[in-house]
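Below is one structure, written out as structure tokens; the observations come after it.
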Amino acid sequence: MSTAASERGMTKKDFQSDQEVRWCPGCGDYAILNAVQQVFPQLGIPRERFVIVSGIGCSSRFPYYMNTFGFHTIHGRAPAVATGIKLANPDLSVWIATGDGDALSIGGNHLIHALRRNIDIKILMFNNRIYGLTKGQYSPTSEQFKKTKSTPFGSLDRPFEPISLALGAGATFVARSVDVIGPHLREVLKRAAAHRGSAFIEIFQNCNIFNDGAFDTWVDRKVRDDRLLPLEHGEPLQYGKERKFGIVRGDCELDVVELDGDGDEKNLLRHDAKREDPAFAFELAHFGEDPTHPMPIGIFRDVEYPSFDGLVHRQLDEVRAAKGEPSIQKALSAGEIWQVS
Amino acid sequence: MSTAASERGMTKKDFQSDQEVRWCPGCGDYAILNAVQQVFPQLGIPRERFVIVSGIGCSSRFPYYMNTFGFHTIHGRAPAVATGIKLANPDLSVWIATGDGDALSIGGNHLIHALRRNIDIKILMFNNRIYGLTKGQYSPTSEQFKKTKSTPFGSLDRPFEPISLALGAGATFVARSVDVIGPHLREVLKRAAAHRGSAFIEIFQNCNIFNDGAFDTWVDRKVRDDRLLPLEHGEPLQYGKERKFGIVRGDCELDVVELDGDGDEKNLLRHDAKREDPAFAFELAHFGEDPTHPMPIGIFRDVEYPSFDGLVHRQLDEVRAAKGEPSIQKALSAGEIWQVS
Amino acid sequence: METDTQKMKRTRPAETVEHVTIRFAGDSGDGMQLTGNQFTSTAAAFGNDLATLPDFPAEIRAPAGTLPGVSGFQVQFAASDVSTPGDTPDVLVAMNPAALKVNLEDLKPGGVLIVNTNSFTPKDLKKAGYEESPLEDHSLDGYRLHPVELTRLTRAALEQTGLDTRTIDRCKNFFALGMMYWLYSRPLDNSLRWIEQKFAKQPALLEANSLALRAGYGYAEAAELFEVNYVVPPAKLDPGQYRNVSGNTALALGLVAAGQRSGLRLFLGSYPITPASDVLHELSGYKHFGVITFQAEDEIAAVGAALGASFAGNLGVTTTSGPGVALKTETIGLATMAELPLVICNIQRGGPSTGLPTKTEQADLFQALFGRNSEAPVPVLAAATPSDCFRMAYEACRIAVHAMTPVFLLSDGYLANGAEPWKIPEVDRYPPIEVSFRKEPEGFLPYLREPETLSRPWAVPGTSGLEHRIGGLEKEERSGNVSYDPGNHERMVRLRAEKIDRIAASIPDQEIEGDQEGDLLVVGWGSTYGAIHAAMAHRKRREGDRIGHAHLRYLHPLPRNLEDVLKRYRRILVPELNMGQLLWVLRARYLVDAIGLNKIQGRPFTENEIIAKIDEILEGDAS
Amino acid sequence: METDTQKMKRTRPAETVEHVTIRFAGDSGDGMQLTGNQFTSTAAAFGNDLATLPDFPAEIRAPAGTLPGVSGFQVQFAASDVSTPGDTPDVLVAMNPAALKVNLEDLKPGGVLIVNTNSFTPKDLKKAGYEESPLEDHSLDGYRLHPVELTRLTRAALEQTGLDTRTIDRCKNFFALGMMYWLYSRPLDNSLRWIEQKFAKQPALLEANSLALRAGYGYAEAAELFEVNYVVPPAKLDPGQYRNVSGNTALALGLVAAGQRSGLRLFLGSYPITPASDVLHELSGYKHFGVITFQAEDEIAAVGAALGASFAGNLGVTTTSGPGVALKTETIGLATMAELPLVICNIQRGGPSTGLPTKTEQADLFQALFGRNSEAPVPVLAAATPSDCFRMAYEACRIAVHAMTPVFLLSDGYLANGAEPWKIPEVDRYPPIEVSFRKEPEGFLPYLREPETLSRPWAVPGTSGLEHRIGGLEKEERSGNVSYDPGNHERMVRLRAEKIDRIAASIPDQEIEGDQEGDLLVVGWGSTYGAIHAAMAHRKRREGDRIGHAHLRYLHPLPRNLEDVLKRYRRILVPELNMGQLLWVLRARYLVDAIGLNKIQGRPFTENEIIAKIDEILEGDAS
Ligand SMILES: Cc1ncc(C[n+]2csc(CCOP(=O)(O)OP(=O)(O)O)c2C)c(N)n1
Ligand SMILES: Cc1ncc(C[n+]2csc(CCOP(=O)(O)OP(=O)(O)O)c2C)c(N)n1
Ligand code: SF4
Ligand code: SF4
Ligand SMILES: [Mg+2]
Ligand SMILES: [Mg+2]
């Protein structure tokens with residue numbers, strides 16, 4: 001018998017499957033795959049306990065490239081299937097790879113219900129603000145008035161802000177990261193893995209074929225430092241190449257201030273991802289929509305709450321303890337019975 | 001030819017259909033029906049322009065009892081059908097009657113998409129925190145650990161907070177009212193009608209058969225004044241039989257204070273439903289979850305934004321203006337053509 | 001043990017009859033379902049064979065006194081084999097004018113009619129659409145009418161309880177039940193025991209209902225209301241332990257039993273829908289068996305979760321009705337590709353669309369057989385009687401695991417809510433459901449098939465060395481990798497079909513009741529069993545008639561001997577509660593010129609409808 | 001006007017041939033679809049008849065040089081009637097080793113094989129799974145191999161443009177196209193014009209591509225690469241104005257035309273899915289026609305919105321493929337109950353489940369006919385050729401409005417992406433689609449039926465005095481109120497079925513190509529038309545054979561004369577790209593012992609497959 005992967009020290013290679021990776025050259029999905037393959041061996045979970053579930057889309061090809069258990073299901077339904085897997089066996093580490101269309105368009109309902117239940121699955125949403133696999137229609141995260149294959153005169157839907165939607169659904173762990181900022185992405189993945197409950201991670205992902213440069217205003221190397229606001233629990237909301245800018249609470253909203261270096265950092269708001277009330281996280285979620293603001297990345301919210309799968313299995317145990325060893329034959333004879341002789 | 005309803009002064013009676021109302025005696029749905037039948041004649045809209053769309057549930061029987069156009073569709077899909085109706089004819093006043101199961105369980109996705117698009121339909125969600133028509137299973141708004149037909153040992157899902165979900169989806173008009181507080185409900189309905197865009201109204205509705213008294217801690221006549229916090233745009237957040245309590249912004253959250261009458265009302269927060277940033281409305285949405293807090297009712301958010309149906313028809317007009325009178329024969333001959341003789 | 005009621009003296013001897021059909025009818029609030037169930041339970045305990053038909057409105061509680069608010073419960077109990085709730089009631093109990101109006105046309109001419117005269121007020125008469133009181137206009141002359149002041153008598157009997165009138169009035173169904181017990185010489189103790197248990201914590205109600213029951217019995221006796229009373233002797237049932245069981249309860253138990261016998265955890269993903277919800281309710285009570293019940297956000301999530309659970313090594317099941325199946329078809333297609341066990345129970349109801357949600361129909365056979373995109377064959381089973389739901393649920397699970405495939409199990413509203421005495425099976429006697437999860441990494445290929453059944457290995461997450469990926473794209477033979485190869489696709493489509501066809505090897509040959517060859521074969525499926533069986537039993541044979549009845553429990557694949565069976569008869573009749581769906585299958589498959597008897601009224605066949613059609617065919621042939 | 005290229009002198013006379021099949025194959029990034037389309041357009045403009053078959057991978061852009069990354073485009077063009085893209089190419093252009101590997105087996109023995117030798121590097125050979133270069137191991141000896149240094153030659157030709165190598169390399173498809181134009185004696189001007197338009201704003205690319213095209217042509221001429229060149233004379237097509245059209249484009253145009261001719265606003269509710277998305281794309285460009293295209297959040301919302309739009313008086317349409325239909329069935333059931341017009345276009349693809357999304361199949365017929373809960377009959381139409389999609393889309397709209405019903409229109413991936421020359425129809429000649437919205441309140445009942453068609457009035461919101469409610473619960477005859485009455489239910493089920501059956505009165509009788517009676521009738525439907533037609537035309541007749549071809553465009557209801565037609569032949573053959581779905585219908589309906597020819601490989605029949613089967617049957621009969 002071959003040695004279980006769990007018995008050896010694992011590396012990235014252990015998580016590479018034998019299938020050729022088939023995304024367009026230059027696609028942001030490669031970087032995400034790389035990050036996940038780097039993080040998984042570090043989680044202390046035997047390889048055979050990982051299950052990756054996906055729907056349909058370029059991003060949803062993800063499971064094929066991971067040498068773990070995987071289920072490439074149907075469009076939008078990964079959270080439903082993942083819920084069944086996790087409930088059936090809570091020892092498994094269940095991850096979802098999904099796209100902005102898969103998760104937020106056809107799959108929006110399953111997503112918000114998984115988040116409200118707080119079932120312990122990790123949802124990686126590859127947001128490229130476009131339908132990649134079907135070759136370039138707008139998605140629920142595409143900016144309004146975008147010209148795409150299906151909207152030659154411009155789309156008219158207002159987009160979702162995914163972090164806000166997740167918070168509105170009651171998500172206990174909500175984060176945002178970027179395909180090409182490996183260290184940040186890996187850190188967020190590790191924290192998501194450590195969270196016991198649903199984790200929703202929006203990952204900015206470049207689709208260089210149908211929506212190239214969608215996130216350049218924030219993540220391009222040249223502007224990145226000044227345009228991204230990294231959130232660190234307990235740390236002041238400060239950013240910029242020289243950390244010259246910060247966030248303070250204005251009259252009714254959050255404001256950006258330039259720091260003069262005179263110790264005025266202490267007036268800055270401190271990030272608090274552990275706050276039970278999701279209002280602060282929600283405020284930050286919308287913050288990046290204003291083009292004059294930096295885009296927050298990192299963990300918006302990370303609060304503890306009993307996970308759904310944990311509750312389900314606790315209830316099974318409790319009822320069993322109360323009712324004792326079951327007998328099917330007794331169950332059949334429950335209620336009024338009589339004897340014919 | 002009979003005189004069009006629109007040509008006469010209309011009354012409640014004009015909106016009563018000839019079908020016998022078939023809810024359980026004592027059901028909160030009666031009060032809501034009554035309120036709608038009172039408000040519709042006051043809106044200045046000819047009767048034939050009203051369309052009421054519903055899904056399936058006790059609440060979804062609503063259209064049968066209204067003497068307007070009506071479509072009792074299938075479970076959860078009312079927003080989809082209503083979207084088609086409104087796009088097809090934006091002159092219609094389109095309303096949805098739905099339940100907590102219909103809107104938030106099976107229909108959750110259509111709901112959040114309708115709200116994000118800001119299509120001009122009015123969604124009345126009868127929240128009785130139970131599945132009525134199917135005789136008493138828990139719903140996505142039922143409190144956790146509730147014992148119901150399908151959860152004899154207690155439900156394990158965390159409920160949605162519907163106002164938060166709507167705000168997370170980007171809704172432009174979000175309100176809450178109560179079946180049995182007629183004046184409040186009628187006022188909210190009128191304001192929803194006046195809003196140009198999607199309106200989401202959660203209505204606390206008592207199901208006296210399967211979930212009797214679900215809202216009693218807030219709406220029972222005896223406690224109502226002290227347990228509900230009415231939101232009025234521009235007014236201080238003040239409540240109580242003698243308006244003795246108010247809301248102030250605490251260190252990081254909203255706090256309840258008792259007023260000593262010494263003019264300290266001016267320290268109270270003022271409600272602002274018109275704020276572009278939804279964060280404040282979101283904060284209030286969660287406020288009622290704490291049992292020591294009063295439950296806010298009224299309009300949480302009411303901001304102007306171009307409606308989806310308006311944008312769709314403007315785009316049609318613009319393209320028509322740019323391209324001129326269309327000819328199908330010309331369209332057929334577009335591209336490369338050649339002559340065979 | 002001699003009971004209270006047995007001590008009540010009887011003044012006249014009882015007349016013996018073979019079978020009786022009673023219908024209780026009243027307002028939704030009148031407790032008719034309860035009354036019917038109590039009568040049923042007493043009759044069953046006495047040893048009668050029986051069958052029931054509850055019939056309730058789509059509204060939770062339509063306005064009191066109206067026609068749509070009428071709720072009914074019919075039971076046939078007999079000294080011999082019973083397979084239907086009876087075509088036409090011998091006795092109708094009508095609690096109000098609306099109940100009379102709705103039900104009178106079904107009552108047998110000369111039948112016993114008991115009405116609560118107190119409810120025949122002008123207001124209630126009007127609600128029921130009567131211009132004049134039928135009690136006075138001689139329109140009921142053709143029946144043995146027994147007007148009873150039920151409300152007043154109940155109030156009088158319970159006066160001393162001190163309860164309020166509304167509560168007292170709610171007890172009048174027990175008064176009526178007591179009268180029926182007298183009429184059919186039944187002891188009260190069974191119902192008294194039930195009342196004791198039910199109202200253990202509400203002593204006032206316990207007393208009130210017991211009193212009402214006794215009062216009704218006593219009143220019938222004392223008032224000499226009926227000319228005679230009757231005895232329906234016990235039926236000669238197989239010896240053993242019996243209980244009453246409805247189709248939904250039996251179905252739930254069958255699933256639990258399959259979970260136990262396979263050693264798999266039963267996982268139900270479901271979303272409430274009439275008439276399937278009760279299966280969810282039942283199963284949610286079996287947590288001590290390790291059963292997980294997941295009430296999902298919709299049907300798509302319900303079946304998705306069930307499939308996910310199967311992937312992870314549970315026995316994934318989903319329960320619903322036709323409109324719910326509509327939403328599940330995409331996932332069922334995925335399950336055929338993933339080749340994982342999955343049991344889909346469709347408790348059919350009247351359609352199309354929302355249709356008649358509380359009524360019965362068997363029109364979702366096409367949907368089960370053909371309702372998916374592309375070639376996605378799925379085995380389809382159907383239960384024939386309420387208790388048969390147990391066996392067929394077990395069978396569905398067995399086949400799902402055995403062949404690694406989704407399986408449809410069809411029941412319907414009539415089976416779901418109807419009840420019959422059931423000889424409690426010894427589960428140990430059922431064949432165990434053998435499951436072997438793949439463990440060995442050596443030589444593992446996710447789509448390498450077992451040569452006999454063609455099923456693929458079940459390799460559950462958590463098993464070291466078996467990491468693999470499945471999904472909805474076409475798979476390469478054996479390896480299961482994604483493949484767009486044309487030849488591979490054709491092979492896989494044919495393999496999946498062949499795998500299902502081979503299930504025929506593990507199912508019983510089709511049996512025939514009645515003549516094994518001859519003039520006419522009646523081919524049925526599902527809940528029409530009772531009516532066809534009764535028709536066969538009760539039809540007056542004409543000289544030389546040779547008629548058989550084949551009732552299909554396996555609709556795909558069909559039993560291997562079915563073609564032979566069909567050939568043995570000159571004519572084939574297929575009665576169905578649809579427009580001819582099995583008919584279509586038999587015609588296409590065997591090119592037999594079968595004819596249909598179709599009824600789409602939201603209710604079961606009566607035995608007379610079947611008899612009439614048989615006679616028509618045979619007479620046509622003769623003439 | 002004498003063009004540039006016509007002036008290029010030709011040194012040798014061209015040989016005339018009747019028909020030629022060319023396949024262009026290369027990496028997804030090599031622009032093969034574009035090249036094929038250009039060749040097609042030039043051939044069409046010249047007056048050839050033709051048919052095309054694009055074939056692309058499921059991935060957007062699989063890794064360069066790999067087998068799954070190969071993209072192909074086949075075109076048959078001819079001097080006479082053409083109905084398929086050709087069974088086996090006469091010419092194969094292979095841009096890299098992977099393209100050669102995937103496509104070689106289809107090339108006709110002795111066929112012309114052009115390969116880009118520059119791409120036969122060890123690395124690319126390895127990616128394609130070649131151990132040794134096929135250019136050197138004599139494995140290509142059976143073909144007329146023309147190794148061309150395409151990359152080097154293109155680079156040389158474009159050297160002076162100053163563009164970077166990557167951009168230059170992208171032009172090599174035009175070099176290859178130029179060579180093909182020389183080989184088949186075609187002028188360059190059609191493609192030059194296209195390049196001019198396409199790159200109007202990128203003059204550097206305009207120049208580069210034009211240069212490459214000319215260079216390829218010049219090279220073929222100068223290098224005396226081919227022994228001869230050919231002329232395929234124009235086909236004798238009906239006089240008129242022609243264009244090339246793909247099925248999806250024709251379908252979109254048919255819908256727009258129906259909107260125009262009915263005076264209704266066309267409302268498309270859709271959700272992208274391969275291979276249907278292009279219909280959404282096309283229609284979204286018709287806003288000046290008042291067409292609303294709504295890209296919904298999913299298929300359920302898409303069809304729901306379309307139905308809502310129909311309720312409000314638009315012509316509601318939804319487009320999708322099989323997995324999308326799966327999600328729409330519940331709403332289609334509602335539409336049958338609501339009796340509103342709704343057109344559901346299913347551009348079928350390979351299944352089951354996600355299956356083979358970019359490949360063709362016609363296995364969703366059962367789903368269209370039977371894939372709903374309960375009895376919910378829906379008319380089903382199918383287009384036979386790309387241009388036929390126009391007519392059938394128009395027909396689907398006509399029937400939907402005429403009978404107030406949802407209608408299925410089936411197309412498939414082959415029709416959707418394949419193209420053929422199309423004589424542009426005069427839309428005015430099409431029968432107008434008559435719509436009369438109900439206006440008059442007097443006597444209005446929502447379910448009062450038009451006596452002939454049984455259709456109900458279309459009473460749109462906004463019409464004073466017609467306020468009414470519809471829904472998915474069973475309706476009372478005429479009034480449309482909710483009704484649970486058993487007899488009413490049966491009447492309504494039968495009425496809805498009868499309404500659909502009566503549509504047969506408004507559709508043409510089934511026509512037969514070939515012999516009108518005799519030995520064998522080949523019954524087809526959908527995209528198999530081309531292959532069957534070609535087989536009928538090209539099969540060598542044996543003495544006395546009498547064979548007909550009936551191609552069904554109306555699958556439900558079936559044409560009224562179909563039974564008669566079937567009876568006129570001894571044998572019936574039903575070729576289908578599924579496991580025998582129409583076959584099943586014909587057997588069940590007419591009890592004919594029809595036999596199937598079934599192929600499920602994600603690609604169309606070749607004409608030889610049909611011919612072989614016909615011969616087999618007739619020989620079997622003879623022997
Ligand atoms: C039921 C169904 N509807 C539609 C599709 C077609 N489809 C496949 S992926 C996709 C959207 C992909 O977008 P996204 O989820 O953003 O993933 P990406 O390709 O951008 O990574 C669509 C519409 C499908 N496969 N199944
Ligand atoms: C597809 C489908 N699934 C399930 C049902 C059954 N069903 C009807 S109403 C309902 C839930 C009703 O709850 P809610 O929306 O809260 O309405 P209420 O009756 O409480 O007003 C369900 C599960 C259905 N009709 N259709
Ligand atoms: S289409 Fe876009 S998202 Fe899809 S693989 Fe290509 S680059 Fe990536
Ligand atoms: S079940 Fe509840 S919600 Fe439904 S009608 Fe009765 S009281 Fe109202
Ligand atoms: Mg995307
Ligand atoms: Mg509810």
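Remember, predicted model here, so these are calculated numbers, not experimental data. Lettering follows sequence order; numbering is per chain, from 1.
- If you measure heavy-atom distances from C:P425 to chain A, the contacts under 4.5 Å come from both the backbone and the side chain.
- For chain C, the nearby part of A:S327 is the backbone; its heavy atoms alone come within less than 4.5 Å.
- Among the candidates C:V291, C:T293, C:N314, the residue making the largest number of heavy-atom pairs closer than 4.5 Å to chain A is C:N314.
- Chain A forms more heavy-atom pairs under 4.5 Å with one residue of C:A309, C:G472, C:S41 than with any other, namely C:A309.
- Proximity to chain C (any heavy atom under 4.5 Å) is restricted, for A:L92, to the side chain, taken from C-beta onward.
- Proximity to chain A is absent for every atom of C:L264, based on heavy atoms less than 4.5 angstrom apart.
- Using a 4.5 Å cut-off between heavy atoms, C:A257 touches chain A through backbone and side chain atoms alike.
- Across C:A305, C:G269, C:A302, the residue that shares the most heavy-atom pairs under 4.5 angstrom with chain A is C:A305.
- When side chains are defined from C-beta on, C:I470 counts as touching C:R456, because their heavy atoms get closer than 4.5 Å.
- Remark: aromatic rings of C:Y394 and C:Y430 are close, center separation under 6.0 Å.
- Both the backbone and the side chain of C:L237 come within contact range of chain A, judged by heavy atoms closer than 4.5 Å.
- Only the side chain of A:F308 comes within less than 4.5 Å of a heavy atom in chain C; its backbone stays farther off.
- You'll find the side chain of A:I96 stays beyond 4.5 Å of the side chain of A:I52, heavy atoms only.
- Within the 4.5 Å cutoff, no side-chain heavy atoms of C:L266 are placed close to those of C:I292.
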Determine, stepwise, if the pair C:F267 / C:F294 fulfils side-chain contact (heavy atoms from CB on, under 4.5 Å). CA-CA 8 Å; C:F267 181 102; C:F294 172 58; 3.9 Å; yes
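- Looking at A:E325, there are no atoms closer than 4.5 Å to chain C (heavy atoms on both sides), in backbone or side chain.
- In this structure, the portions of C:Y242 lying under 4.5 Å from any heavy atom of chain A include both its backbone and its side chain.
- A donor-acceptor pair under 3.5 Å links the side-chain atoms of C:R438 to the main chain of C:E440, judged by distance alone.
- A:E336 has its side chain within reach of C:W194: a pair of non-hydrogen atoms, C-beta onward, lies under 4.5 Å apart.
- No more than 12 heavy atoms of other residues, nucleotides or ligands sit less than 6.0 Å from atom NZ of C:K198.
- A side chain to side chain contact (heavy atoms under 4.5 Å, CB included) with A:Y65 is found for exactly one of A:F15, A:W23, A:Y30, namely A:W23.
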For this session: Before giving the answer on side-chain contact (heavy atoms from CB on, under 4.5 Å), spell out for A:D120 and A:K86 the whole-Å C-alpha distance, their side-chain angles and the decisive distance to 0.1 Å.
Result: CA-CA 7 Å; A:D120 187 11; A:K86 183 71 187 178; 3.7 Å; yes
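- Using a cutoff of 4.0 Å between basic side-chain nitrogens and carboxylate oxygens, A:R47 and C:E467 are scored as salt-bridged.
- Interface remark: of the candidates C:E426, C:R243, C:R469, C:R469 forms the most heavy-atom pairs closer than 4.5 Å to chain A.
- Most heavy-atom pairs under 4.5 Å with chain A: of the set C:F46, C:Y286, C:F311, this distinction falls to C:F311.
- Neither the backbone nor the side chain of A:D91 comes within less than 4.5 Å of any heavy atom of chain C.
- Contact check for A:N109 versus C:D298: side-chain heavy atoms found under the 4.5 Å cut-off.
- For C:D238, the part lying near chain A is the backbone, with the side chain staying farther off; criterion is any non-hydrogen pair under 4.5 Å.
- With a threshold of 4.5 angstrom between heavy atoms, C:Q260 approaches chain A through side-chain atoms but not through N, CA, C or O.
- Of the listed residues C:P421, C:G313, C:P239, the one with more heavy-atom pairs under 4.5 angstrom with chain A than any other is C:P239.
- Both the backbone and the side chain of C:T331 come within less than 4.5 Å of a heavy atom in chain A.
- You'll find the side chain of A:L189 reaches within 4.5 Å of the side chain of A:L124, heavy atoms only.
- Neither the backbone nor the side chain of C:V303 comes within less than 4.5 Å of any heavy atom in chain A.
- At a 4.5 Å heavy-atom cutoff, the contact between A:S333 and chain C is made by backbone and side-chain atoms alike.
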